[in-house]
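FYI, the numbering just counts along the sequence from 1.
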Amino acid sequence: MLSKSCLAVLAVVLSFAGTPARAMVCMDKSMTLDEVVEAIGAQKSCASAMKLFQDCQLTASGDAQLGAAVEKKCEADFMPGLSTAQQQAYKREMRACDLKYRNKSGTMYLSFAAFCRAEVAQRYSQRALKAAGQKAR
């Protein structure tokens, strides 16, 4: 009888151990990955979206979703104004980030690629905003 109860307790413990983490601490509160993605999208600027990504990073595969949200936020600053040649250059830089870690094993390399891609998008955003500021003067 004792062994059956021990097995039942062990089964419960193992069932919790196999459950992936569903929340992270970000912005001083517990948030799901989807909530952090929404928070990144709600930021007022590419720079603040990148800052939130850095503050909430997981250094794991979940960073791919966070990085994609940063890319989307930053691309709004520059993508409409890019020529075809500039769009191709941007895509090449993004592919270079993907290829850089392609043959590495471990989820941290997915995070590294996500940060690389987000940084490329942030650089393009900064250039576009700087150019717009200079034209406005």
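Taken together through direct or relayed side-chain contacts under 4.5 Å among Ile, Leu, Val, Met, Phe, Trp and Tyr, L110 and M94 form parts of separate hydrophobic clusters. Residues M108 and L58 do not share a hydrophobic cluster, defined by chaining ILVMFWY side chains whose heavy atoms lie under 4.5 Å apart. Under a hydrophobic-cluster definition in which Ile, Leu, Val, Met, Phe, Trp and Tyr are linked whenever side-chain heavy atoms come within less than 4.5 Å, directly or via other members, M50 and M79 are assigned to different clusters. With hydrophobic clusters built from ILVMFWY side chains whose heavy atoms lie under 4.5 angstrom apart, F115 shares a cluster with V36. If you chain together hydrophobic residues whose side chains sit under 4.5 Å apart, V70 and V120 never meet in one group.
A distance-only check finds a donor-acceptor pair linking the side chain of E35 to the backbone of T32 [under 3.5 Å]. For the pair D63 (side chain) and Q57 (backbone), a donor-acceptor distance under 3.5 Å is absent. In terms of modelled atom types and a separation under 3.5 Å, the side chain of K73 and the main chain of G41 share a donor-acceptor contact.
Here the closest heavy-atom approach between residue G67 and residue A118 is recorded as O-CB, 4.4 Å. In this structure, L66 and C56 approach most closely via the heavy-atom pair CD1-O, 3.9 Å. Contact detail for C74 and A121: the closest heavy-atom pair is CB-O, 3.7 Å. The two residues C97 and A113 come nearest to each other via the heavy atoms O-CB, 4.0 Å.
Of the inter-residue distances, the one linking Q88 atom CD with L82 atom CG reads 11.0 Å to the nearest 0.5 angstrom. The CD atom of E119 lies 11.0 Å from the CD atom of E71; values are rounded to the nearest 0.5 Å. Between the CD atom of E75 and the CD atom of Q87 there is a distance of 10.0 Å, given to the nearest 0.5 Å. Rounded to the nearest 0.5 Å, atoms CD (Q43) and CG (L52) are 5.0 Å apart. To the nearest 0.5 Å, the span separating CZ on R123 from CZ on R127 amounts to 6.0 Å. Considering CD1 of I40 and NZ of K51, their distance stands at 12.0 Å, rounded to 0.5 Å.
A salt bridge does not link E93 to R117: none of the charged nitrogens lies less than 4.0 Å from a carboxylate oxygen.
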(request) Check step by step if side chain to side chain contact (heavy atoms under 4.5 Å, CB included) holds for K29 and M31. (result) CA-CA 6 Å; K29 61 183 177 179; M31 299 176 75; 3.8 Å; yes

(request) Please test Q86 against S83 for side-chain hydrogen bond (donor to acceptor under 3.5 Å, both in side chains), starting from the C-alpha separation and ending with a verdict. (result) CA-CA 5 Å; Q86 290 169 323; S83 67; 3.3 Å; yes

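By the 30° and 60° cut-offs, the orientation of the rings of Y124 relative to F78 is tilted.
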